[in-house]
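First the structure, in the form of structure tokens, and then the observations on it.
Owing to the predicted nature of the structure, the values given are computational and were not obtained by experimental measurement. We use all heavy atoms of the structure for the numbers below, so side chains are in, but hydrogens, waters and symmetry mates are not. Per chain, numbering begins at 1; letters A, B, ... match sequence-line order.
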Number of protein chains: 2
Amino acid sequence: MARDTRVGILEAATDLFGVRGVDAVSLDVIAAEVGVAKQTLLYWFPSKDDLVQAVLVQAATQLSVAIEAAIRSANDDPLDRIEAVVRAVFRPAVRRPALLGLIREVSRLSPTVGERFQSELRPLVDRAVAYLHKEMDRGRIRHADPRLIAGLCYATVTGIATEPEVLRSVGWQPTTAELRRLRTELLAFLRAALTPVP
Amino acid sequence: MARDTRVGILEAATDLFGVRGVDAVSLDVIAAEVGVAKQTLLYWFPSKDDLVQAVLVQAATQLSVAIEAAIRSANDDPLDRIEAVVRAVFRPAVRRPALLGLIREVSRLSPTVGERFQSELRPLVDRAVAYLHKEMDRGRIRHADPRLIAGLCYATVTGIATEPEVLRSVGWQPTTAELRRLRTELLAFLRAALTPVP
DNA sequence: GAATCTGTCTACCAACTGGTAGACAGATTT
DNA sequence: AAATCTGTCTACCAGTTGGTAGACAGATTC
């Protein structure tokens, strides 16, 4: 059973932290959700910060894996690859909005936790930059600061993932079909933005 | 002095709530920041929820005012107007990232608070939808679901406002000049996206 | 079979939370 | 001059929080 407890805690914590926010979720609540004593939770993760960090590192790792897989499965065209990556990122973000909520909280959390999260993603980011530069030199993607490209991708993902939430916050109830159309359009815009000018 | 205290509390609360998150900021902290006893704070805002709501309503009002002003000052072209609105929204969002953080939290807060915030923005949203429909019929803007347009604008604003934060979270320290370029480009994309197909 | 390790538990605690009760000083009204 | 109102305060409280101390049962090692 042992290891299962850890996994269960991690899963419950991910969902709860993401949905309600790290501060709003007490250790008691997580423990109750998992069906275990709070002390058991503190046995696996010596402090709440440790738990938060573990959750984030796990999320970063899953993200990395998903992105790598997406890159491999896409064909050679850089625009296709970028779209595949964006899709890979927003798929879990849409399915589990918790994740995005958590990642947004990173900058607020203790610096140690934040840095750990960064360092987990750093290699991927570095590889991406190198790749973009290469393809820009080959003229297969619009020449621009990689940060711009990252910014565009990020805007697309957050646009996609938080739209339902935001639309709802001004009183609109979008259907899933409508959301799918929005996503398609946003992706088309991203692609147009990155296509090299002839 | 009287009224000043209220304003001071509101200001401090806006910043603190936005930066650290509503849950993470206690009444004690706000009171200390303002330099006043906690009870004074509870005199002006009978409960923390009341304070949060007041902060949000104020933010929504300021936003509405800024948007209306931007619309009036822009010339007649709908694309210019949309750009003016987006700029009007992201200017305070960039200057005080606190605001965007707060608005993102709305969906998590107590429903009463959220609804109050919505109702404050509703008239503006309705007018915007009507305006977009009118201009689409006149063929001066690409024909699309107003929600898509709202989504694009939102993605642009969040892209613009949270980029520095996000770039920093993967270890990049963008200069203000770089950020300005990113913003210009994002706005150009938004404009391209909304230009009617010939 | 004694000792240790592993994973879980109950019991407890100090610090902090949002909120209440009520005193009090100065201005305003009667 | 008495009464009321306004804005601020100190003192306090009950509930919750993250975290500690230490008991205990079963498996593993010596």
Side-chain angles (χ1 to χ4, degrees), chain A residues 1-58 101-102 105-106 108-114 116, chain B residues 1-58 101-102 105-106 108-114 116:
Chain A
M1 314 282 120
R3 203 74 189 173
D4 289 353
T5 308
R6 214 192 109 100
V7 172
I9 293 171
L10 221 40
E11 242 167 65
T14 304
D15 280 333
L16 288 168
F17 283 157
V19 173
R20 300 193 212 163
V22 170
D23 281 322
V25 177
S26 70
L27 297 185
D28 286 286
V29 169
I30 303 173
E33 177 70 28
V34 184
V36 87
K38 181 174 61 170
Q39 186 44 34
T40 302
L41 197 149
L42 284 165
Y43 169 79
W44 290 104
F45 306 93
S47 77
K48 191 178 181 179
D49 256 16
D50 287 311
L51 176 55
V52 173
Q53 180 167 310
V55 165
L56 274 172
V57 166
Q58 186 190 246
L102 242 178
E105 269 198 291
V106 170
R108 275 181 191 165
L109 305 173
S110 82
T112 341
V113 174
R116 185 77 179 72
Chain B
M1 315 283 119
R3 204 74 190 170
D4 288 353
T5 307
R6 213 192 110 99
V7 173
I9 292 170
L10 221 41
E11 241 168 67
T14 304
D15 279 332
L16 288 168
F17 283 158
V19 173
R20 301 193 211 163
V22 171
D23 281 323
V25 177
S26 70
L27 297 185
D28 286 287
V29 168
I30 303 173
E33 178 69 28
V34 185
V36 89
K38 182 173 62 170
Q39 186 44 32
T40 302
L41 198 148
L42 284 164
Y43 168 79
W44 290 103
F45 307 94
S47 76
K48 190 178 181 179
D49 256 16
D50 287 311
L51 176 54
V52 173
Q53 180 167 308
V55 165
L56 275 171
V57 167
Q58 185 191 246
L102 240 179
E105 269 197 293
V106 170
R108 276 181 190 164
L109 304 175
S110 83
T112 341
V113 175
R116 186 76 180 70

Non-hydrogen side-chain atoms of Tyr43(B) and Thr5(B) separated by less than 4.5 Å: no
Inter-residue atom distance Thr14(A).OG1 - Ile30(A).CD1, 0.5 Å rounding: 9.5 Å
Strand-adjacent residues in residues 33-42 of chain B, judged by heavy atoms under 4.0 Å from DNA chain C: Lys38(B), Gln39(B), Leu42(B)
For the student: nearest non-hydrogen atoms of Ala12(A) and Val34(A), plus distance: CB-CG2, 3.7 Å
dT16(D) phosphate, OP1 or OP2, under 4.0 Å from Ser26(A) side-chain N/O: no
Distance below 4.0 Å between Tyr43(B) side-chain N/O and dT8(D) OP1 or OP2: no
Members of residues 48-58 of chain B that approach DNA chain C, where some heavy atom sits under 4.0 Å away: Lys48(B)
Phosphate-side-chain proximity, Trp44(A) and dT6(C), N/O vs OP1/OP2 below 4.0 Å: no
Lys48(A) side, atom NZ; Leu42(A) side, atom CG - distance, nearest 0.5 Å: 11.0 Å
Phosphate OP1/OP2 of dT8(D): any Thr5(B) side-chain N/O under 4.0 Å: yes
Sugar-phosphate only, base, or nothing, as touched by Val29(B) at under 4.0 Å among non-hydrogen atoms: nothing
Distance-minimising heavy-atom pair for Gln58(B) and Leu10(B): OE1-CD2, 3.4 Å
Straight-line distance of Thr40(B) OG1 to Arg6(B) CZ, nearest 0.5 Å: 14.0 Å
Pair listing, side-chain hydrogen bond (donor to acceptor under 3.5 Å, both in side chains) test, anchored in residues 19-35 of chain A, at least two apart: none
